[in-house]
Amino acid sequence: MSKAGRHNEIARRHSNRRGERQFSFATKRIAELKRLFAARYGSQLPDDDAGRDDAFVMANHLAHGPDAGRRISLWLGLAAPWMPSDEAEALIARVLRKPLRWRADTMAKRLNLMAAERQRLGITTIGAVDVDKAERLAKRKERAKLRQQQRRRDAGATTRADYEAQSLSRTKPWEALGMSRRTWYRLGKPGGTSPCAA
């Protein structure tokens with residue numbers, strides 16, 4: 001093992017000792033699939049082609065973790081108890097031979113996941129068939145911008161509209177004194193804000 005590899009392994013062990021949990025995309029995707037299936041079907045997948053395809057999708061995700069065969073078998077027993085044991089064994093063997101991975105938008109098409117359902121269930125690792133990746137990114141940026149504006153308002157910052165309404169360019173105090181803007185500044189802003197430090 002290289003020096004960098006040893007350092008990474010030591011850092012990983014220390015982070016685990018401190019109780020820090022590392023983010024796992026696969027674990028999050030599995031949790032979101034469970035939430036989606038529960039919302040669509042309840043506690044069990046339907047005994048039809050859609051249920052079998054969803055079982056195949058979940059089995060592929062479970063196959064990337066430790067003790068994959070047992071985990072898939074246990075999950076199938078709970079989510080698809082109607083599946084005959086020989087069919088379940090064939091599915092597990094097929095998936096373990098070559099587990100598949102899907103990108104967010106490909107997974108969305110396979111599951112026919114719409115943006116409204118995605119948002120309602122709090123799904124973030126799967127795309128939406130009616131909103132592409134670029135649109136989702138633009139919406140995410142817009143939400144982040146609104147959150148930042150709210151944080152600034154909560155901290156006491158004025159909005160752009162309020163700032164501009166009170167700006168000298170709008171109020172034009174030099175006109176009330178019958179002089180030009182340049183003269184008003186040269187005289188030290190008489191009758192307006194305090195004179196600038198020279």
Side-chain angles (χ1 to χ4, degrees), residues 1-2 4-5 7-9 11-13 15-16 20-84 86-148:
M1 184 183 282
S2 68
H7 284 275
N8 288 338
E9 179 62 21
R12 185 188 65 76
R13 287 181 188 167
S15 70
N16 288 344
E20 296 173 7
R21 295 191 63 185
Q22 295 177 343
F23 172 76
S24 169
F25 178 85
T27 302
K28 186 169 184 181
R29 170 73 68 87
I30 289 168
E32 289 181 353
L33 286 171
K34 287 179 181 177
R35 201 158 55 240
L36 176 63
F37 297 157
R40 286 182 173 179
Y41 311 121
S43 61
Q44 292 181 10
L45 298 176
D47 183 3
D48 58 14
D49 290 342
R52 282 174 170 78
D53 191 58
D54 289 343
F56 175 74
V57 166
M58 180 61 91
N60 275 280
H61 283 83
L62 293 169
H64 292 286
D67 200 11
R70 188 182 68 79
R71 290 176 69 205
I72 296 169
S73 179
L74 288 172
W75 183 81
L76 286 173
L78 294 170
W82 42 262
M83 186 179 286
D86 57 336
E87 184 181 347
E89 288 169 11
L91 171 63
I92 293 168
R94 176 183 168 202
V95 166
L96 292 179
R97 256 193 316 277
K98 188 177 180 186
L100 301 176
R101 293 180 191 270
W102 291 274
R103 293 185 182 274
D105 286 333
T106 311
M107 186 87 272
K109 287 176 188 165
R110 185 168 192 127
L111 298 170
N112 194 29
L113 181 63
M114 298 293 200
E117 187 178 24
R118 180 181 188 267
Q119 185 173 2
R120 182 172 52 82
L121 297 174
I123 293 173
T124 58
T125 65
I126 305 171
V129 291
D130 53 343
V131 180
D132 67 10
K133 187 175 182 178
E135 291 173 301
R136 288 195 309 273
L137 182 61
K139 287 181 180 182
R140 192 177 312 132
K141 285 183 177 179
E142 182 63 27
R143 287 194 304 270
K145 180 181 171 185
L146 292 173
R147 279 194 307 272
Q148 180 65 21

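All residue numbers in this chain count up from 1 along the given sequence.
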Using every non-hydrogen atom in the two residues, find where [X] and [Y] come nearest and quote the distance to one decimal.
X	Y	answer
W82	P46	CZ2-O, 3.1 Å
L96	P99	O-CD, 3.9 Å
A108	A128	CB-N, 3.5 Å
A59	V95	O-CG1, 3.4 Å

Would you check if [X] and [Y] make a side-chain contact, meaning some heavy-atom pair closer than 4.5 Å?
X	Y	value
L111	L33	yes
R110	D53	yes
V131	K139	yes
R52	L91	no
E32	L121	no
L36	E117	yes

Atom [atom1] of [X] and atom [atom2] of [Y]: how far apart are they, to the nearest 0.5 Å?
X	Y	atom1	atom2	result
F56	D49	CZ	CG	14.0 Å
F25	H64	CZ	NE2	10.5 Å
L78	L76	CG	CG	9.0 Å
K28	I126	NZ	CD1	11.0 Å
M58	R29	CE	CZ	10.5 Å
M114	R120	CE	CZ	12.5 Å

Return yes when atom CD of E87 has more than 12 non-hydrogen atoms of other residues, nucleotides or ligands closer than 6.0 Å, and no otherwise.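 Check passes, neighbour count above 12.
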Taking atom CZ as the centre, does R94 end up with more than 12 heavy-atom neighbours from other residues, nucleotides or ligands that are less than 6.0 angstrom away?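 12 or below, so no.
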Which pairs pass side-chain hydrogen bond (donor to acceptor under 3.5 Å, both in side chains) with one or both residues in residues 68-79, sequence neighbours excluded?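 Qualifying pairs: D67-R70.
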Apply side chain to side chain contact (heavy atoms under 4.5 Å, CB included) to L100 and H61, showing your working. CA-CA 8 Å; L100 301 176; H61 283 83; over 6 Å; no
Salt bridge (charged side-chain N to carboxylate O under 4.0 Å, His left out): which pairs involve residues 97-108, sequence neighbours left out?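 Non-adjacent pairs meeting salt bridge (charged side-chain N to carboxylate O under 4.0 Å, His left out): D105-R136.
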